[in-house]
Each structure stands twice: as C-alpha cells, then as structure tokens.
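Throughout, a chain's letter reflects where its sequence line sits, starting with A, and its residues are numbered from 1.
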Amino acid sequence: MGSSKVSIIKEAYELLSDNPEVAGWEAWWPAEGPFERVVGAILTQQTRWENVDKAMSALKENGLLSPEALSSVPLSGLEMIIRPVGFYRQKAVYIKGVAEYFSQHPIEDLHSMPPSRLREDLLGLPGIGNETADVIMLYVAGHPRFIVDAYARRILECVGITGSYDEIQALFKMALGDDVEKYRRYHAYIVELGKRHCNKKRCDCCAVKKYLE
DNA sequence: CTCCAGGAGTGTA
DNA sequence: TACACTCATGGA
C-alpha cells in the first residue's frame with residue numbers, strides 16, 4: 001500500500017528530471033540573496049509570480065531588501081510598495097515580522113541552528129504557516145523538506161495519493177531521503193507541471209499521469 | 001463580466 | 001478535526 005505510493009513518487013522524480021520543460025530551480029526562482037527569498041516566499045502566497053516581481057522591483061528601488069531597512073520603514077509605505085501582490089495589508093505585517101526576526105538571527109547562520117527550533121520560530125511569526133515555513137527551511141536554511149502546496153495536492157490526487165500535510169511529507173521522505181537538492185528540484189517540477197496541466201480550472205489528470213506513472 | 005493565483009488567520013460546529 | 005469565510009491586485 002504505502003510502498004507503492006513511495007514507488008510512484010520515486011519514479012516520478014526520475015521522469016521529471018529528464019523533462020526539459022522544467023529547468024533547474026535556481027532559474028525557476030530567481031533571487032539575489034537568501035533574505036530576498038524569504039520575502040518572496042511571503043509575497044507569492046496565493047499570488048502569481050508576475051505580481052511578486054513588480055513588488056520585488058519596487059522594494060529594490062527603495063533599498064528595502066534588508067531586515068534593517070524593512071524594520072524601520074513605515075507600515076503604510078510598505079503597503080503601497082507591495083500593493084501589486086494583493087493581500088498587501090496583511091503581507092506588509094508579515095514582512096515586518098520576518099524582518100524583525102532576521103534582524104536578531106543573522107540569515108547566514110540559519111543552517112547552524114537546530115531545524116526543529118527554526119521551524120517553531122518561523123511558525124510563531126505572523127503569516128508563516130506550514131508551507132511557507134518549509135519553503136524557508138528548504139530554500140534558505142537548506143533542510144530536506146517536501147513542500148505540500150496546492151499543486152502537489154492536485155497532482156497527487158490524480159494518482160490516488162491524499163492525506164494530511166504531515167502524511168504526504170512522510171511519503172516523500174521515504175521516497176527521497178534527505179537529499180536537499182532533490183526536494184528543491186521536485187517542488188519546482190511540480191509547480192511547473194501544475195501550472196501547465198493541473199490548475200483549478202482545468203486539472204488534466206491524464207496528462208499528469210503520463211509523468212507520474 | 002467571471003474566475004483564479006506557488007496561503008494563512010479566524011470563527012463556528 | 002473539518003469547513004467556510006476573508007484578505008486583494010492583476011491577468012486571462
């Protein structure tokens with residue numbers, strides 16, 4: 001039962017790795033530094049990347065892509081700058097939260113702090129739930145964690161794999177082990193595959209199965 | 001005009 | 001635990 005699901009996940013990774021449609025994750029998620037990734041992780045919540053890009057450019061133009069600068073900028077000003085992403089009032093507060101946190105915990109030595117404590121810290125910040133916490137764990141701190149997002153759930157459902165956040169994450173741990181780069185690539189593959197074949201309006205399970213079986 | 005995007009927080013049963 | 005509702009701009 002469980003092992004067949006693990007096999008599907010494992011084989012799907014091999015197939016997706018050969019797919020030229022999805023390039024390396026660095027190109028998939030362009031960012032100039034680790035803190036920019038943290039901000040991007042929040043801005044992209046329930047939002048298209050084109051809109052995130054506009055807000056990110058505005059932040060750069062105003063010299064705000066550092067924990068210190070974001071901590072001191074007025075909230076109302078930050079709201080206006082990130083407006084294109086939508087949910088801009090809450091996200092401005094969220095960004096203030098991570099800016100404050102990374103002012104006190106240098107982002108360069110995130111990897112050296114215990115993963116369990118880092119995750120608890122992140123979940124304690126406003127606007128950071130399971131998924132965003134894992135995005136930061138995986139792409140910034142460098143810890144092996146599969147990201148269970150909406151695309152992953154839809155795609156997995158096409159092949160009969162469902163469950164809670166933790167259950168699905170456990171399946172991927174059995175399939176991929178602790179290879180950080182694999183998790184990084186797999187998430188990128190799934191998002192690209194999802195955008196093409198499995199969004200809310202049109203979830204083409206047949207096209208998805210071509211990759212996953 | 002309608003629908004949705006790389007979620008999270010809050011309230012209700 | 002399980003849903004429904006809210007937040008919001010911009011593109012198809």
Side-chain angles (χ1 to χ4, degrees), chain A residues 12-13 16 19 21-31 34-59 75-101 119-141 145-158 162-170 172 182-204 208 211:
Chain A
Y13 175 79
L16 289 169
N19 187 349
E21 287 184 355
V22 281
W25 69 270
E26 296 94 340
W28 168 77
W29 187 359
F35 186 67
E36 184 176 326
R37 283 216 158 74
V38 173
V39 174
I42 290 172
L43 292 180
T44 195
Q45 289 174 357
Q46 196 66 24
T47 303
R48 300 174 192 278
W49 189 259
E50 300 81 67
N51 292 351
V52 175
D53 213 33
K54 294 176 187 171
M56 200 68 81
S57 298
L59 286 172
L75 184 60
S76 59
L78 181 56
E79 287 178 354
M80 289 303 97
I81 288 173
I82 66 170
R83 206 166 141 185
V85 299
F87 305 132
Y88 59 89
R89 291 193 188 93
Q90 352 182 4
K91 286 180 180 176
V93 174
Y94 300 167
I95 288 175
K96 281 284 192 179
V98 295
E100 180 62 29
Y101 182 81
R119 196 158 195 281
E120 284 179 22
D121 283 358
L122 292 173
L123 290 176
L125 298 173
I128 298 190
N130 270 326
E131 188 180 328
T132 307
D134 281 334
V135 169
I136 295 172
M137 294 284 287
L138 178 60
Y139 288 99
V140 179
R145 283 198 156 264
F146 180 72
I147 295 162
V148 188
D149 66 345
Y151 285 136
R153 287 188 177 284
R154 291 177 200 147
I155 289 172
L156 289 170
E157 190 170 4
C158 287
T162 60
S164 70
Y165 193 97
D166 292 338
E167 287 168 346
I168 292 178
Q169 210 169 47
F172 276 78
K182 274 189 179 179
Y183 285 93
R184 286 172 169 171
R185 287 195 294 267
Y186 214 153
H187 174 62
Y189 295 151
I190 285 175
V191 172
E192 286 307 305
L193 184 61
K195 283 201 280 195
R196 285 177 177 278
H197 301 295
C198 207
N199 53 45
K200 190 164 188 176
K201 182 179 292 183
R202 166 186 55 83
C203 192
D204 187 352
V208 168
Y211 292 99

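Contact of the A/L59 side chain with the A/L43 side chain is registered, since non-hydrogen atoms from C-beta on lie closer than 4.5 Å. Here the side chains of A/R83 and A/M80 are in contact, with some heavy-atom distance below 4.5 Å. You'll find the side chain of A/V38 stays beyond 4.5 Å of the side chain of A/Y101, heavy atoms only.
Remark on DNA chain C: of its neighbouring residues A/K54 and A/Q90, the 5'-side contact belongs to A/Q90, judged by nearest-heavy-atom nucleotide. Toward the 5' end of DNA chain C, the nearer of the two residues A/F87 and A/E50, judged by each one's closest nucleotide, is A/F87. Positionally, the nearest nucleotide of DNA chain B for A/D149 lies more toward the 5' end than for the other of A/D149 and A/G127.
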**Message:** Before you tell me yes or no, could you show the steps for A/Y94 and A/T132 under side-chain contact (heavy atoms from CB on, under 4.5 Å), namely the whole-Å CA-CA distance, both residues' side-chain angles and the distance that decides it to 0.1 Å?
**Reply:** CA-CA 11 Å; A/Y94 300 167; A/T132 307; over 6 Å; no
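Between the C1' atom of B/dG9 and the NZ atom of A/K91 lies a distance of 14 Å, rounded to the nearest Å. Between the P atom of C/dA12 and the CG atom of A/N51 lies a distance of 10 Å, rounded to the nearest Å. Summarising the geometry, the separation between CH2 on A/W49 and P on C/dT9 is reported as 20 Å, rounded to the nearest angstrom. Rounded to whole angstrom, the span from the OH atom of A/Y186 across to the C1' atom of B/dG6 amounts to 17 Å. C/dA8 atom P lies 10 Å from atom CE of A/M80, rounded to whole Å. Rounded to an integer number of Å, the gap from CG of A/L138 to P of B/dG6 is 18 Å. Rounding to whole angstrom units, OH of residue A/Y165 and P of C/dT1 are separated by 17 Å. Here C/dT9 presents its P atom at 15 Å from CG of A/L43, a figure rounded to the nearest Å.
Side-chain atoms of A/W29 lie closest to B/dG6 of the nucleotides B/dG7, B/dG6, B/dC4. Side-chain atoms of A/T44 lie closest to B/dG6 of the nucleotides C/dA8, C/dT9, B/dG6. Distance from the side chain of A/Q45 is smallest for B/dA8 among the nucleotides B/dA8, B/dC4, B/dG6. Nearest to the side chain of A/A150, among B/dG6, B/dG7, C/dG10, sits B/dG7.
When the side-chain nitrogen and oxygen atoms of A/Y151 are compared with OP1 and OP2 of B/dG6, one or more of them lie within a distance under 4.0 Å. Between A/Q46 and the phosphate of B/dG7, there is a side-chain N or O to OP1/OP2 separation shorter than 4.0 Å. A sub-4.0 Å separation between OP1 or OP2 of C/dC7 and a side-chain N or O of A/R83 is absent. Residue A/R48 places no side-chain N or O under 4.0 Å from the OP1 or OP2 atom of C/dT9. Under 4.0 angstrom from either OP1 or OP2 of C/dT9 there lies at least one side-chain N or O belonging to A/Y88.
Proximity of a side-chain donor or acceptor of A/R37 to a complementary backbone N or O of A/W29 within less than 3.5 Å is detected. Side chain of A/R184 to main chain of A/L138: a donor-acceptor pair is present (N/O by atom type, distance under 3.5 Å, no hydrogens or angles). No donor-acceptor pair closer than 3.5 Å links the side chain of A/S57 to the backbone N or O of A/A55.
If you check every strand for non-hydrogen atoms under 4.0 Å, A/E131 touches sugar and phosphate atoms only. Among the protein residues, A/I42 comes within range of no part of the nucleic acid, since none of its heavy atoms lies under 4.0 Å from any strand. Heavy atoms of A/R202 sit nowhere under 4.0 angstrom from any nucleic acid atom.
SG atoms of A/C203 and A/C198 are separated by less than 2.5 angstrom, consistent with a disulfide link.
In this structure, A/W28 forms an aromatic stack with the base of B/dG6, since both conditions hold: centre separation below 5.5 Å and plane angle below 30°.
Stem analysis of DNA chain B (at least three stacked-register Watson-Crick or G-U pairs, each with both distances under 3.5 Å) gives B:2-5 with C:9-12, B:7-13 with C:1-7.
Listed by chain and number, the residues in a side-chain hydrogen bond (donor to acceptor under 3.5 Å, both in side chains) with A/R119 are A/N130, A/D134 (sequence neighbours excluded).
C/dA8 and B/dT10 are spaced 14 Å apart, taking the P atom of each and rounding to whole Å. Look at the C1' atom in both C/dC3 and B/dG6: the space between them is 23 Å, to the nearest Å.
Among A/W28, A/Y151, A/F172, the one residue that satisfies the ring pair (Phe, Tyr, Trp, His ring centres under 6.0 Å) test with A/H187 is A/W28.
Rounded to the nearest 0.5 Å, atoms OG1 (A/T47) and CD1 (A/I82) are 9.5 Å apart.
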N/O-N/O pairs, protein side and nucleotides 10-13 of chain B side, under 3.5 Å:
none

